[in-house]
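Input: a single structure, listed below in structure tokens.
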Amino acid sequence: MSNADVVRVRIAPSPTGFFHIGNAKTALINWLYARKTGGTFILRLEDTDVERSKEEYAGVVFEALHWLGIDWDEGPGFGARAERGEYGPYRQSRRAETYHREAARLIEEGKAYKCFCTKEELEAAREQAAREKRPPRYSGKCRNLTSAEIAARGDAPYAIRFKVPEGVTEIHDLVQGTVRTENREFDDFVIVKPNGDAIFHLAVVVDDGLMKISHVIRGDDHLTNATRHVMLFKALGYPVPKFAHLPMVLDEHGKKYSKRLHGANVLDWREDGFLPEALVNYLVLLGWTPGDNRELFTREELIELFSLERLGQSAGKFDVKKLQWLNGQHLRRLSPEELRDRVLPLLEKAGLNVSAKSPEWLAHMAAICQEKIRTLNEIVDYTDFFFRDIETYEEKAVRKQWKSPGAGDRMRRVRALLDGTGAWTAETLRGVYEKEVAASGLSLGELVHPTRLALTGKSVGPGLFELAELLGKETCLARIDRAIQYIAKKGEVPA
RNA sequence: GUCCCCAUCGUCUAGUCCGGCCUAGGACACCGCUCUUUCAAGGCGGCGACACGGGUUCGAAUCCCGUUGGGGACGCCA
């Protein structure tokens with residue numbers, strides 16, 4: 001593989017204490033491409049805006065990426081050593097010198113210039129333009145200052161502006177196709193603030209250039225910026241990387257996915273009991289297909305099948321329903337042990353004492369819920385009765401199962417059946433119930449539902465026989481007794 | 001306001017590059033039916049789209065132009 005073929009891709013989030021769902025998609029596509037091609041995936045923190053970047057926020061980025069199962073080869077976040085890779089530092093806040101050096105070089109080469117215009121002047125000009133319905137562009141006032149004029153300013157503060165060259169700039173976007181723009185559509189934009197901080201445009205280009213990024217894969221909100229960036233790449237003498245601008249993730253109404261919306265933060269989905277592999281699967285599907293009709297993928301399959309060519313070019317609305325379905329599918333593919341391990345923290349968080357149960361028992365419990373739940377969080381409602389006594393019975397179910405004449409007798413019959421059951425397994429219990437159905441003329445449901453209510457206090461849950469087996473004979477009988485008392489106390493409606 | 005990008009069922013999409021195989025396929029959702037101890041899952045079926053208008057062509061979802069709609073950029077934010 002020649003040097004030109006080496007794939008080096010990156011994501012460059014700004015640590016704001018928040019990892020946006022759109023960032024996650026971008027990260028995923030970059031990562032997939034790197035893993036597919038044997039390339040390098042780089043994490044770089046765009047923390048130049050000191051106001052919004054706090055050190056602990058970097059941890060949020062790491063956490064989100066870890067949760068998604070996206071690992072990076074170069075960048076910060078490698079424990080005590082902090083950074084890994086030969087192109088660091090990987091935080092823009094530590095690259096100020098590099099930006100200054102490159103900006104100075106541009107000035108020397110006549111490709112950038114000092115601008116002494118004040119914030120107020122620029123503000124006024126912008127308002128003026130808005131009033132006259134003109135595009136708000138910098139006038140170029142300081143573009144041709146002579147060295148004498150510059151010297152005359154003394155140590156007045158100045159910004160550095162890029163001198164946009166004449167001509168046309170083309171970008172050959174791998175997703176959007178060729179985009180051709182007249183350079184005159186751009187004004188001379190600022191690349192360094194008067195306080196010395198590099199502006200985003202300079203920083204990304206210098207970083208991407210020096211870090212030898214081969215493909216810039218990012219959201220298509222940067223498509224217009226890409227033209228600016230190409231001009232900068234050329235001015236700085238760096239090879240121009242390939243570009244791929246991905247369509248954005250919109251909310252369910254087709255609007256920009258606002259940070260305020262639940263779900264905008266990747267970790268919201270963890271909170272809601274979704275599996276990272278399901279979210280990953282969903283996010284990839286939002287803008288990519290393998291071409292056949294498959295849509296359920298493991299991480300490995302995704303890497304295997306992924307290609308930049310099959311990326312779509314239109315924005316996609318986020319559809320929670322589909323995510324839920326995918327989540328259910330992935331949930332069912334876990335082993336009982338995996339499911340148990342993922343669900344245990346949730347049970348503990350819900351205040352259930354799981355420590356008394358063996359790992360095997362808990363895996364068994366997970367297994368009988370596996371076909372029933374869609375999200376991890378649902379496990380709590382499906383299993384809480386295993387860990388604590390029943391305090392209340394679901395009201396609606398009580399009306400339906402226990403208010404009819406003969407309900408008490410029926411529960412006494414159930415008690416006798418259970419008491420007489422020898423081998424306490426789901427299978428024998430099922431046999432006992434089926435036999436009773438045949439003998440009594442009742443339907444299975446007429447026996448099962450009241451029993452479920454007595455054992456769990458609810459009308460929904462895992463299969464009755466499976467749950468009864470796990471609950472144990474003793475507990476089951478005690479709960480039936482309690483139900484019989486409950487029914488008696490409330491009084492049956494006489495026939 | 002200027003420039004840029006996008007446009008197939010409610011949603012995600014296949015098909016578009018290389019026009020005919022498309023009376024437009026799949027999935028989610030929804031609605032029936034079925035299975036069934038609930039829930040869920042499963043099986044079967046149904047509803048449902050080429051944004052609009054012009055061209056080019058024997059023939060257009062596919063190519064061209066325009067309109068409309070959506071998104072983005074135009075910051076001494078990233």
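Below, read A as the first sequence line, B as the second, and so on, with proteins coming before strands; counting in each chain starts at 1. Computation of the quantities below employed the complete heavy-atom set of this structure, encompassing side-chain atoms and omitting hydrogens, waters and symmetry-equivalent molecules.
Nucleic acid contact class of A:F189 (heavy atoms, under 4.0 Å, all strands): none. A:K321 comes within contact range of the sugar-phosphate backbone alone, with a heavy-atom separation under 4.0 Å but no base atom that close. Contact annotation for A:K255: backbone-only contact, meaning every heavy-atom pair under 4.0 Å involves sugar-phosphate atoms and none involves a base. Here A:C117 lies in heavy-atom contact (under 4.0 Å) with a base. Counting any heavy atom pair closer than 4.0 Å across all strands shown, A:H245 reaches no nucleic acid atom. Residue-level contact check: A:L122 touches the bases, meaning some heavy atom is under 4.0 Å from a base atom. Residue contacts shown for A:D187 are limited to sugar-phosphate atoms, with no base heavy atom under 4.0 Å away. Within 4.0 Å of A:R294, counting heavy atoms only, lies no atom of the nucleic acid at all. Nucleic acid contact for A:L223: sugar-phosphate only, since backbone atoms but no base atoms lie under 4.0 Å from a heavy atom of the residue. Within 4.0 Å of A:T118, counting heavy atoms only, lies at least one base atom of the nucleic acid. Nucleic acid contact for A:N225: base, since at least one base atom lies under 4.0 Å from a heavy atom of the residue. Within the nucleic acid shown, A:R310 comes within 4.0 Å of sugar-phosphate atoms alone, with no base atom in reach, counting heavy atoms only. Using a 4.0 Å heavy-atom criterion, one finds that A:G287 contacts the sugar-phosphate atoms exclusively.
Ring-centre distance between A:F274 and A:W325: not below the 6.0 Å cut-off. Between A:F200 and A:H229, the distance separating the two ring centers is shorter than 6.0 angstrom.
For B:C18 and B:C6, the C1' atoms lie 23 Å apart once the distance is rounded to whole Å. Taking the P atoms as reference points, B:C3 lies 16 Å from B:C65, given to the whole Å. B:U62 and B:G55 are spaced 14 Å apart, taking the P atom of each and rounding to whole Å. Separating the P atom of B:C64 from that of B:C47 is a span of 34 Å, rounded to the nearest Å. Of the P atoms belonging to B:G45 and B:C12, the separation is 26 Å, rounded to the nearest Å. Taking atom C1' on both nucleotides, B:G70 is separated from B:G26 by 26 Å, rounded to a whole Å. Here the separation of B:G59 from B:G19, taken at their C1' atoms, is 8 Å to the nearest Å. Between B:A60 and B:G20, the distance separating the two P atoms is 11 Å to the nearest Å.
Going from atom CD of A:E185 over to atom P of B:U2 covers 11 Å, rounded to whole Å. Separating the CE atom of A:M248 from the P atom of B:G70 is a distance of 16 Å, rounded to the nearest angstrom. Rounded to a whole Å, the CZ atom of A:F200 is 14 Å from the C1' atom of B:C74. In this structure, the CD atom of A:E309 is 15 Å from the P atom of B:U16, given to the nearest Å. Taking atom CG on A:L447 and atom C1' on B:U37, their separation rounds to 10 Å, with Å as the unit. Here B:C5 presents its P atom at 18 Å from CG of A:L250, a figure rounded to the nearest Å. Per the geometry, NZ belonging to A:K322 stands 15 Å off P belonging to B:C9, to the nearest Å. Per the geometry, NE2 belonging to A:H330 stands 13 Å off C1' belonging to B:A27, to the nearest Å.
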Taking it one step at a time, do A:F162 and A:F186 satisfy ring-ring contact (aromatic ring centres under 6.0 Å, His included)? CA-CA 10 Å; A:F162 178 64; A:F186 297 91; over 10 Å; no
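The partner of B:C21 is absent, by the rule that a Watson-Crick or G-U pair needs both atom distances under 3.5 Å. Base pairing of B:A40: no nucleotide in any strand meets the Watson-Crick or G-U wobble criterion (both distances under 3.5 Å). In this structure, B:C47 forms no base pair with any nucleotide, since neither Watson-Crick nor G-U wobble geometry is met with both distances under 3.5 Å. Base pairing analysis places B:G1 opposite B:C74; the two distances defining the Watson-Crick or G-U wobble pair are each below 3.5 Å. In this structure, B:A60 makes no Watson-Crick or G-U wobble pair, since no nucleotide meets both defining distances under 3.5 angstrom. Across every strand in view, B:A7 sits in a pair with B:U68 that passes the Watson-Crick or G-U test at under 3.5 angstrom.
A salt bridge is absent between A:E252 and A:K321: the closest approach of a Lys/Arg side-chain nitrogen to an acidic carboxylate oxygen does not fall below 4.0 angstrom. In summary, A:E371 and A:R333 do not engage in a salt bridge, as defined by a charged side-chain N under 4.0 Å from a carboxylate O. Classification of A:R374 and A:E378 as a salt-bridged pair fails, no side-chain N sitting under 4.0 Å from a carboxylate O.
Checking B:U38, B:C76, B:A78 against the side-chain heavy atoms of A:E46 singles out B:A78 as nearest. Residue A:I199 places its side chain closer to B:A78 than to any other of B:A73, B:U37, B:A78. Nearest to the side-chain atoms of A:H449 among the listed nucleotides B:C3, B:U37, B:G10 stands B:U37. Residue A:D221 places its side chain closer to B:G72 than to any other of B:G72, B:C6, B:U11. Across B:G10, B:C76, B:G72, the shortest atom-to-atom separation from the side chain of A:K256 is found for B:G72. Among the nucleotides B:A73, B:U37, B:U13, the one closest to any side-chain atom of A:R228 is B:A73.
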Readout for nucleotides 39-47 of chain B: B = base within 4.0 Å of protein heavy atom, S = sugar-phosphate only, - = neither; 5' to 3' it is BBSS-----
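Within 6.0 Å of the OH atom in A:Y158, the count of heavy atoms belonging to other residues, nucleotides or ligands does not exceed 12.
Side-chain contact of A:N225 with A:H222: a donor-acceptor pair under 3.5 Å is present, judged by distance alone.
Put simply, the side chain of A:D268 never gets that close to the backbone of A:H262: no donor and acceptor are under 3.5 Å apart. Using modelled atom types, one side-chain atom of A:D251 and one backbone atom of A:G254 make a donor-acceptor pair closer than 3.5 Å.
Contact check, A:R161 against B:G75: no side-chain N or O comes under 4.0 Å of OP1 or OP2. Here A:K317 reaches the OP1 or OP2 of B:U11: one of its side-chain N or O atoms lies under 4.0 Å away. Contact annotation: A:Q313 side-chain N/O to B:C6 OP1/OP2 distance is under 4.0 Å.
A cation-pi arrangement, defined by a distance under 6.0 Å to the six-membered ring centre and an angle within 45 degrees of its axis, is present between A:R228 and A:F189. Figure legend: cation-pi geometry between A:R161 and A:Y138, with NZ or CZ positioned under 6.0 Å from the six-membered ring centre and within 45° of its axis.
Comparing A:D220 and A:G312 by the nucleotide of RNA chain B that holds the closest heavy atom to each, the one mapping nearer the 5' end is A:G312. Mapping A:E466 and A:F318 onto RNA chain B via the closest heavy atom, the residue that lands nearer the 5' end is A:F318.
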